Amino acid sequence: MQFYKYQGTGNDFVIIDDRARQFDETDQAHIAHLCHRRFGIGADGLMLLREREGYDFEMVYFNADGRPSSMCGNGGRCLVAFARFLGVIQDQAHFLAVDGPHDARVEPNGTVRLRMIDVAAPQETEVGEEGDVFLHTGSPHHVHFLDPTEHPNLAEFNVFAAGHDIRYDQAYDPAGTNVNFVEVPADPALPWPVRTYERGVEDETFSCGTGVTAVALAASQRGAVSPVRLRTPGGELEVSFEQRPDGGFTNVWLSGPAVQVFSGEME
Ligand SMILES: N[C@H](CCC[C@H](N)C(=O)O)C(=O)O
């Protein structure tokens, strides 16, 4: 089986051209094996590119645990780059994902811009600390802004421990959530540092597309203005949006790099 390895700001994926529909998407153990960092190819997730009437292609996404997942923003951007590599699209895409239709475009410098679903206003959450919010950007996201007096440096924060506790808090049962930790910059026009604990990877990832989207929208309540720059351990992403009268968000776009790292064959 031919596979391709892509990464978008360090969030990495195994991608398979499954237009022939040969891949068994029900084999969770096989998908988890392909994503395993020691015994497999290694990735945060696996994606199938399939054909779908009325769309350029369909995106089918699995977390590293082998289970089907909600929307993956970095994955969607990488799949658009892959579709262009295959010649399935030129510089524009209209594809179907688990959360519905998406438009995307590839800029001349290779940046991939992905339109996300419209997002409801951030909701207060009983989990975590005062001021934490929850948003659904195609995937569920808890957002915590660090208190600079307690944690002045996001780089030293224990994302795994704090993220794990929130991800498994019974208030988020049964589906759980992804968890984002944010450092508030001195000037909201500067990049907002973000680190994310991802559900289904059950660890911190180098970046999370639906996660930085949630952070940018939540940060708009703290002075951030579209387009918002987010700095992740894997690189910089940008989120642009328009606020709706009801406090929700529309015309939400996630932009950043999407790179083919290698390809290969595996049984
Ligand atoms: N782990 C996420 C899905 C992938 C999200 C992330 N990789 C992104 O770029 O949006 C979840 O289970 O909701």
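Just so you know, these numbers come straight off a predicted model, no measurement behind them. In each ligand, atom 1 is the first atom listed, and ligand 1 is the first ligand listed.
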For G66 and I31, work out which heavy atoms get closest and say how close.
-> CA-CG2, 3.7 Å

Only one of R115, Q92, H94 passes side chain to side chain donor-acceptor pair (under 3.5 Å) with D103, and that residue is H94

Could you check if a side-chain atom of D44 sits within less than 4.5 angstrom of a side-chain atom of R37, using non-hydrogen atoms only?
-> yes

For the rings on F13 and Y6, is their centre-to-centre separation under 6.0 Å?
-> no

Determine whether any heavy atom of H141 lies closer than 4.0 Å to an atom of ligand 1.
-> no

At under 4.0 Å between heavy atoms, what of S69 touches ligand 1? The answer is side chain

Just need the protein heavy atom nearest to atom 9 (O) of ligand 1, so name the residue and atom and give the distance.
-> G209 N, 2.7 Å

When you look for heavy atoms under 4.0 Å from ligand 1, do you find them on the side chain of N11, its backbone, both, or neither?
-> side chain

State if N178 counts as touching ligand 1 under the rule of any non-hydrogen atom under 4.0 Å.
-> yes

Should G45 be listed as contacting ligand 1, given a heavy-atom distance under 4.0 Å as the test?
-> no

Hey, is the main chain of R67 close enough, under 3.5 Å, to the side chain of D65 for a donor-acceptor pair?
-> yes

Around atom 5 (C) of ligand 1, find the nearest protein heavy atom and jot down its residue, atom name and distance.
-> E198 OE1, 3.6 Å

Looking at side-chain heavy atoms only, is the closest gap between R195 and P233 below 4.5 Å?
-> yes

Heteroatom distance test (F13, ligand 1): nitrogen or oxygen, under 3.5 angstrom = no

side-chain contact (heavy atoms from CB on, under 4.5 Å) between D99 and Y61, worked out | CA-CA 11 Å; D99 62 346; Y61 183 80; over 6 Å; no

Heavy-atom nearest option to atom 12 (O) of ligand 1, drawn from T205, N63, L237, L114 | N63

Would you indicate whether the side-chain heavy atoms of L34 and M1 approach each other to under 4.5 Å?
-> yes

Mark up the atoms of ligand 1 that fall under 4.0 Å of a heavy atom belonging to T210, in ascending order.
-> 5 (C), 8 (C), 9 (O), 10 (O)

Numbered atoms and elements of ligand 1 in range of S70, under 4.0 angstrom, heavy atoms = 11 (C), 13 (O)

Heavy atom of C72, distance to ligand 1 below 4.0 Å | yes

